[in-house]
Each structure stands twice: as structure tokens, then as C-alpha cells.
Asks: 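Here's a structure for you.
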Amino acid sequence: MDDSGIKKQNWDVKETELFLEILKELDMKKCLDGRKVRNNKLFKVAHRRMTAAGYHRSVDQLKFRWKLLKSAYYRCKREPDSPAPTKIQGWWRYEKTMIAIMESRHPLVGAGVNSDRNDEVTEDSDGDASMLHWPQPCTDNSTQNLGLIIKMDPEVDSQPNIGFIGAGNMAFGIAKGILSGDVPPVKLKVSAPSSRNLGRFQELGIAVTHSNIELVCGSDVVFVAVKPHLVPPVLHEISLHLTHRHIIVSVAAGVTLATLEELLPENSAVIRLMPNLPCLVQEGAILFSRGSHTRPEDGALLHSLVHRCGLVEEGPEAWIDIHTGLSGSGVAFVYLFAEALAEGAVKMGMPSALAHSIASQTVLGAGRLLRESGKHPAQLRAEVCTPGGTTIYGLHTLEQGGVRAATMSAVQSATERARELGQMSAAGSRK
Ligand SMILES: NC(=O)C1=CN([C@@H]2O[C@H](COP(=O)(O)OP(=O)(O)OC[C@H]3O[C@@H](n4cnc5c(N)ncnc54)[C@H](O)[C@@H]3O)[C@@H](O)[C@H]2O)C=CC1
Ligand SMILES: O=C(O)[C@@H]1CCC=N1
């Protein structure tokens, strides 16, 4: 047992890999400047994340493991051809990640850095490099550093900062869905070139900017919510300012993961997400697919952010365009049907307002019953039909009008159009 009462057990591969991934993701290279208080915060965040993943290590155990990993790293660096055995079993598995963490750091230089010598092992002469000397990809260094420090402080905030590029209907719908979870508005920011659509975000307490770069620098998860043809120029604009901490989530219809990855710096974590407008009322239907440089945890993080938007599923990318036809566009098909229902009633003499109100309640009720009963639509339809009654007469008319075939064709057309948009944006990205 250690001081915290946590039993000492050997670290296994998965646990060590997760620990290193967490440190990498927390931007250790920028945050660890040798100040004990800040180091403690970082290890506390790591401790919380490890615990959430089912690995129960105290903060001190994590620090000790980190010391051993650093020792092994320096030993191998000193004697690359015949390194002495390290205290880390299976070190070779972690070497690459350690190099990624350590070699993006600068040696401790000069005054102003209050190095915490107790936090080091003999081999470790760098004392956790100063962020003063780390080149910042973002122009807004002060907020960047502040953001990282806030991000690391479990008491203040451990949630990611979320940015929206584009202030349109879909960004607003997703933002509202996210806010209905336990994410406070202070964690969100939105950018758009004009102020036209920004007011409604501000009313929700969300910060706004006209600078996509400022937005990216202050965000961990960035939703790209501009029209598909604007995706290539927008990604080109922000690319230089992306770091490995960013997850880019595109909601643009048709734009494929391959195109997104091609437009972004190598190894960028990209997720393609297709929402629909009812996210606005937390009744959306979302399907997302992860790019080749994401980890399951990135999907889990995204899921946890948007789960209040409605139904959220992860699936293969081939289904995203189909989901666009079925659900992204599908809501508009349902609205057309609702409108036609109401107009039928108006034709028969009902006042328009009442007809529309009843039509929307009919669509809502039918949808809820369909979802909550878990029954096939044909079964529910049969439950409404009295033999020789009104419904079967009406259904016969709809079938004569080809409503079923027309609806299937509508989903097909919208899916094919999404694919076409994808090809166009791929061509745009190669220009
Ligand atoms: N509206 C919908 O129901 C759905 C839309 N989508 C996708 O969501 C994306 C956005 O669609 P909507 O929200 O409907 O569009 P929208 O036209 O309502 O919003 C687009 C926003 O992008 C902003 N914008 C334009 N150029 C920009 C730039 N260079 N930098 C930053 N912002 C810029 C505009 O000012 C506007 O606020 C599209 O790619 C669409 O395919 C996906 C599913 C459903
Ligand atoms: O019509 C569109 O292109 C977007 C994508 C799905 C819904 N609206």
C-alpha cells in the first residue's frame, strides 16, 4: 500500500499507454514548467482520467511512474545503441510516445523558471521545460497559456473548450444541445465573419469572435459548421494553428474524412459528424465516424459532449451520407408531410392555425410512439386501421400517389447529392 491506501500493483501495458496518452493530450510539453503546484494539477487531472478509465492509482504513484519513464527515456537517449536495462518492463512499447512527449520540449534555460528539483530523477536534467521557451503555434499566447492552466485545474475546470466555426442553424442546434448537458456556456465560443447570427449565441452566454484563428487557439474540440464548399478555405486558414490537442469535428454534408485529413496537418484527429436540426430541442439524430488518427476516447469525449442533442451513434463512414439523406434532410421531408397534412385539413374547412398545430402534434406523437414502443411502423399503422374505416381509405390514396416510392427516392436523391458534394469538396481540396 502507498500513503493513499491504494494497493501497489505492477503497471500493465494498457495502463501505461493510457497514462502516456493522457499526459500527451494534456499538452505536458507546454504545461510542465517545473512549478510544483502546476505539476500537481496536471497529475491530479491524469489521476481523475485514469480513475474514470478504471485504473486506480494515486497522484504520487502517477508521479513515480512518470519519473521512471523519464529515467528510461534519458538512459536510452544517452546510450542509443546499447541502452542499459530500464526499470520499465517492455520499455520499447512506450519509447515512441515518450519521444513524442519529451522531444517536443525545450531544455530548461536561464532564470525565471522555478524548477522543482524534488520532482526529478538523476537522469532528468531538464526539470520539465519552461513554456516560456516553447514556440506557440497560436498567436494569442497569453490566453493560450491561461487556457491550458485553467484546463489543467480540476477544481476550476477539466472540461474541454469547444469552438464552433460558423454561427448558422446547425452550430446553434448543437451548441444548445451541448449546453443542455452539464457544459457551462463559458466553455463554448463561436466564430463567424459577420455579427448577423452571433446575437443568439451571446444570449446563451456563449463568447463570440470574428477570428477563426482566435477560436481555434482557445479550443480543444472545434466544430466546423460552415457550408461544405467553405470547408477547404476554412481548414486552410486554421491549419497552422492546430496542435495534437485539437479534435476537429466537421458537420459539413458530403465532406469525407479523407478530404478533411488531406486538408489538415498530418495526423490530425478528425471526426465527421452528421446532425440534424432537432438537436435544437434535444431530439436530434446524430451519426459520427472517426478519422484514422483518432482514438476511441476521442469518440467517447464527443459522445459525452453531444449526447444531450438526442440519439447519438457511431458508425462506419459509408453510412454518413445515407444518414444525411435519411435524417439530416429527412426532417425536411417530414415537415413537407406535416405541411401537406395541415393543408388537407384547411381544404376541408379547418382554420389554418389549428390545422398546423394539430399536424405538428400528430407528427410529434406518431414519432414518439414509434420510438418508445419499439414497434415496426407497419405494425403501428395496422393498429390505426379499422377494416373498412377511414385510415385504410386515406392510405390507399397515399399509395396511389406514390408517397412511399417518392419518399424512398427522396432519401436516395439526398444521399447521392451528399456523395456529389463530397466529390466536389475533394476536388476543391486538391486545387
Ligand atoms: N441545417 C441543417 O439542418 C444541417 C446542416 N448540416 C451541415 O451544417 C453545415 C452548416 O449548415 P447551416 O448551419 O445550415 O448553414 P448556415 O448558412 O445557417 O450557417 C453557416 C455559417 O457559417 C458562417 N461562415 C461563412 N463563412 C465563414 C468563414 N469563413 N468562417 C467562419 N464562419 C463562416 C456563416 O456566417 C454562417 O453563420 C453545412 O455544412 C451543412 O451541410 C448538417 C446537417 C443538417
Ligand atoms: O441540405 C443540406 O445540405 C444540409 C445537410 C443535411 C441537412 N441540411
Side-chain angles (χ1 to χ4, degrees), residues 163-178 188-202 204 206-219 222-239 241 248-257 259-260 263 270-281 283-289 306 309-313 319-336 410-426 428-429:
F164 289 89
I165 298 183
N169 291 322
M170 214 49 258
F172 191 62
I174 297 174
K176 269 194 87 178
I178 291 176
L188 271 58
K189 194 164 189 167
V190 60
S191 66
S194 86
S195 301
R196 200 157 39 93
N197 293 325
L198 294 177
R200 57 182 172 167
F201 287 88
Q202 287 172 303
L204 296 178
I206 297 172
V208 301
T209 172
H210 295 311
S211 162
N212 293 339
I213 290 167
E214 182 197 318
L215 179 115
V216 163
C217 288
S219 304
V222 178
F223 285 87
V224 178
V226 296
K227 293 293 188 197
H229 70 279
L230 291 173
V231 170
V234 162
L235 295 190
H236 181 72
E237 180 191 358
I238 63 170
S239 269
H241 304 274
I248 305 298
V249 184
S250 164
V251 305
V255 185
T256 63
L257 285 168
T259 300
L260 295 164
L263 288 161
V270 182
I271 297 181
R272 190 178 161 198
L273 178 145
M274 184 46 56
N276 68 0
L277 204 53
C279 288
L280 272 168
V281 291
E283 289 292 358
I286 289 178
L287 183 66
F288 72 86
S289 202
V306 299
C309 290
L311 175 76
V312 183
E313 298 283 354
W319 296 350
I320 300 275
D321 288 334
I322 305 173
H323 175 75
T324 308
L326 165 66
S327 190
S329 302
V331 286
F333 309 157
V334 174
Y335 294 141
L336 182 89
V411 174
Q412 182 180 344
S413 306
T415 304
E416 285 168 356
R417 179 61 182 158
R419 290 176 184 156
E420 236 171 68
L421 290 174
Q423 281 159 10
M424 283 155 61
S425 64
S429 78

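In this text the structure is predicted, and so the values were computed from the model without any measurement. Both counts, for ligands and for their atoms, begin at 1 and track the order of listing.
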Asks: In Å and rounded to the nearest 0.5 Å, what is the CD1 to CG distance from Ile248 to Leu263?
Replies: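 Here the rounded value is 11.5 Å.
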Asks: Quickly, which of Val251, Leu280, Val306 forms a side chain to side chain contact (heavy atoms under 4.5 Å, CB included) with Pro275? Name it, please.
Replies: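 Exactly one candidate clears the test, Val251.
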Asks: With a heavy-atom distance limit of 4.0 Å, tell me whether Val251 approaches ligand 1 through its side chain, its backbone, both, or neither.
Replies: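 The part of Val251 near ligand 1 is both the backbone and the side chain.
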Asks: Quick one: does atom 4 (C) of ligand 2 have a protein heavy atom under 4.0 Å from it?
Replies: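 Neighbour list for atom 4 (C) of ligand 2 is empty of protein heavy atoms (cut-off 4.0 Å).
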Asks: For Phe288, does the six-membered ring have the charged nitrogen or CZ of Arg272 within the cation-pi criterion, i.e. under 6.0 angstrom from the centroid and within 45° of the normal?
Replies: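 No.
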Asks: So is there a nitrogen or oxygen of Val226 less than 3.5 Å from a nitrogen or oxygen in ligand 1?
Replies: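 Such a contact does occur with ligand 1.
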Asks: Specify the protein heavy atom at minimum distance from atom 29 (N) of ligand 1: its residue, its atom name, and the distance to 0.1 Å.
Replies: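 Looking at atom 29 (N) of ligand 1, the protein heavy atom closest to it is Val234 CG2, 3.6 Å.
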Asks: Under a 4.0 Å heavy-atom limit, does Val255 contact ligand 1 with its side chain, its backbone, both, or neither?
Replies: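 For Val255, no heavy atom sits under 4.0 Å from ligand 1.
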Asks: Counting only heavy atoms, which portion of Arg196 has something under 4.0 Å from ligand 1: side chain, backbone, both, or neither?
Replies: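 Neither; nothing of Arg196 gets under 4.0 Å from ligand 1.
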Asks: Within the 3.5 Å criterion, strictly below it, is a donor on Asp321 or Thr415 matched to an acceptor on the partner's side chain?
Replies: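 Looking only at side-chain atoms, Thr415 and Asp321 do not form any donor-acceptor pair under 3.5 Å.
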Asks: With distance as the sole test, does Ser425 use its side chain to make a donor-acceptor pair with the main-chain N or O of Gly422 at under 3.5 Å?
Replies: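 Present.
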Asks: So, do Thr209 and Lys189 sit near enough that their side-chain heavy atoms are less than 4.5 Å apart?
Replies: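 Contact flag for Thr209/Lys189 side chains = yes.
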Asks: Answer whether the closest heavy-atom distance between the side chains of Val216 and Ile165 falls below 4.5 Å.
Replies: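 They are in contact (side-chain heavy atoms under 4.5 Å apart), so the answer is yes.
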Asks: How long is the span from the CD atom in Glu416 to the CD1 atom in Ile322, to the nearest 0.5 Å?
Replies: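 CD1 of Ile322 is found 10.5 Å from CD of Glu416.
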Asks: Classify the contact between Asn212 and ligand 1 as side chain, backbone, both or neither, using a heavy-atom distance cut-off of under 4.0 Å.
Replies: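 Side chain only.
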Asks: So which bit of Pro228 gets within less than 4.0 Å of ligand 1, heavy atoms only: side chain, backbone, both or neither?
Replies: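 Pro228 to ligand 1: contacts from backbone and side chain alike.
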Asks: Could you check which of Pro275, Gly173, Pro193 puts a non-hydrogen atom nearest to atom 27 (C) of ligand 1?
Replies: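 Result: the heavy atom closest to atom 27 (C) of ligand 1 is in Pro193.
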Asks: Suppose I only count heavy atoms of Ala253 and a 4.0 Å limit; which atoms of ligand 2 are within that range?
Replies: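 Counting from 1, the qualifying ligand atoms are 5 (C).
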Asks: Mind running side chain to side chain contact (heavy atoms under 4.5 Å, CB included) on Glu283 and Leu277 for me, showing each step along the way?
Replies: CA-CA 9 Å; Glu283 289 292 358; Leu277 204 53; over 6 Å; no
Asks: For atom 5 (C) of ligand 1, decide whether some protein heavy-atom distance is shorter than 4.0 Å.
Replies: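 Looking at atom 5 (C) of ligand 1, one finds that a protein heavy atom does lie closer than 4.0 Å.
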Asks: So is there a nitrogen or oxygen of Ala253 less than 3.5 Å from a nitrogen or oxygen in ligand 1?
Replies: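 Looking only at distances, the answer is yes, because the N/O contact criterion of under 3.5 Å is met.
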Asks: Look at atom 37 (O) of ligand 1 and say which protein heavy atom is nearest, naming residue and atom and giving the distance to 0.1 Å.
Replies: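 Scanning the protein heavy atoms, the shortest distance from atom 37 (O) of ligand 1 goes to Ala167 N, 3.0 Å.
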Asks: Applying a heavy-atom cut-off of 4.0 Å, say which part of Ser194 lies close to ligand 1: side chain, backbone, both or neither.
Replies: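 None of Ser194 does.
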Asks: Would Met170 count as being in polar contact with ligand 1, using the rule that some N or O on each side must be under 3.5 angstrom apart?
Replies: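 So ligand 1 has an N or O lying under 3.5 Å from an N or O of Met170.
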Asks: Any side-chain heavy atom of Ile178 within less than 4.5 Å of one from Phe164?
Replies: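 Yes, side chains in contact.
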Asks: Can you tell me the protein heavy atom closest to atom 10 (C) of ligand 1 and the distance?
Replies: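 Answer, as residue, atom name and distance: Ala225 O, 3.4 Å.
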Asks: Got a salt bridge between Glu420 and Arg417, using NZ or NE/NH1/NH2 to carboxylate O under 4.0 Å?
Replies: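 So Glu420 pairs with Arg417 through a salt bridge.
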Asks: Would you mind running through ligand 1 and noting each atom that sits below 4.0 Å from a heavy atom of Asn197?
Replies: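 Numbered from 1, ligand 1 contributes 36 (C), 37 (O).
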Asks: Which residue holds the protein heavy atom closest to atom 25 (C) of ligand 1, what is that atom called, and what is the gap in Å?
Replies: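 The closest one turns out to be Leu230 CD1, 3.6 Å.
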Asks: What distance do Thr259 atom OG1 and Leu421 atom CG have between them, rounded to the nearest 0.5 Å?
Replies: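 Those atoms lie 11.5 Å apart.
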Asks: When you measure from the side chain of Ser211 to the backbone of Glu214, do you find a donor-acceptor pair of N or O atoms at a distance under 3.5 Å?
Replies: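 Confirmed, Ser211 side chain pairs with Glu214 backbone.
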Asks: In the protein, which heavy atom is nearest to atom 14 (O) of ligand 1, and how far is it?
Replies: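 Of the protein heavy atoms, Lys227 NZ, 3.5 Å lies nearest.
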Asks: Any idea which protein heavy atom is nearest atom 8 (N) of ligand 2, and the distance to it?
Replies: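 For atom 8 (N) of ligand 2, the nearest protein heavy atom is Gly328 O, 4.5 Å.
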Asks: Could you identify the single nearest non-hydrogen protein atom to atom 19 (O) of ligand 1 and state the distance to 0.1 Å?
Replies: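 The answer is Gly168 CA, 3.1 Å.
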Asks: Can you tell me the protein heavy atom closest to atom 1 (O) of ligand 2 and the distance?
Replies: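 It is Ser329 OG, 4.6 Å.
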Asks: Test side-chain hydrogen bond (donor to acceptor under 3.5 Å, both in side chains) on His210 and Ser195; report intermediate values, then the result.
Replies: CA-CA 8 Å; His210 295 311; Ser195 301; 3.3 Å; yes
Asks: With heavy atoms of Gly166 as the reference, note each atom of ligand 1 found under 4.0 Å away.
Replies: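 This gives 21 (C), 22 (O), 23 (C), 31 (C), 32 (N) as the contact atoms.
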